[in-house]
Amino acid sequence: MGRYLTTQEWEQMISQLEQGGLLEAPPTLEAGVMEKIAMLERQEAMDHRYSEKTRRFFYQLKISAAMAASLVLVLLPTGSLSYEASPYGQAKQMVWEREEPSWLDYMQQGVSTISEGVSSFSGYAMNQIMEVFSYDK
């Protein structure tokens, strides 16, 4: 462990500081600090190019678009609005066209058709959502 200073050493250090003053900072410190302050001021000026009201409006617009997209994903069926044209109806028709359909065949066809429909629709919806949230616009 380090050793402790004696009272005499403390008094000597105090008298040296009183006579000589504090240590000087490196010459590049002031320039670095001023450069950092200027950079922060430039960033803050860029953040304020739109008014608070406009930024709040765009934020609410993005949130509303995300909510609408999530409701579309939850509420709309995959495929068209009729049951026969939907992936479920197509899978059922494909299974019943065979001579002896089994439960496993029905499940395999249904799952593949549903997964294709969901993945294509979710890919489209995700592209639309990401377009809303892109910061380029």
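Every value quoted in this text rests on a predicted model; they were computed, and no experiment measured them. Start at 1 with the first residue, then count along the sequence.
Atom CD of Glu35 is surrounded by 12 or fewer heavy atoms from other residues, nucleotides or ligands within 6.0 Å. Within 6.0 Å of the CE atom in Met39, the count of heavy atoms belonging to other residues, nucleotides or ligands exceeds 12.
No single ILVMFWY cluster, assembled from side-chain heavy atoms under 4.5 Å apart, contains both Ile63 and Leu71.
The distance from atom OG of Ser15 to atom CH2 of Trp10, rounded to the nearest 0.5 Å, is 13.0 Å. Expressed to the nearest 0.5 Å, how far CD of Gln12 lies from CG of Leu17 amounts to 11.0 Å. Annotation: the span from Met34 atom CE to Ile37 atom CD1 amounts to 5.5 Å, rounded to 0.5 Å. Here the OG1 atom belonging to Thr6 is positioned 8.5 Å from the CD atom belonging to Glu11, to the nearest 0.5 angstrom.
A donor-acceptor contact shorter than 3.5 Å is absent between the side chain of Thr113 and the backbone of Gly110.
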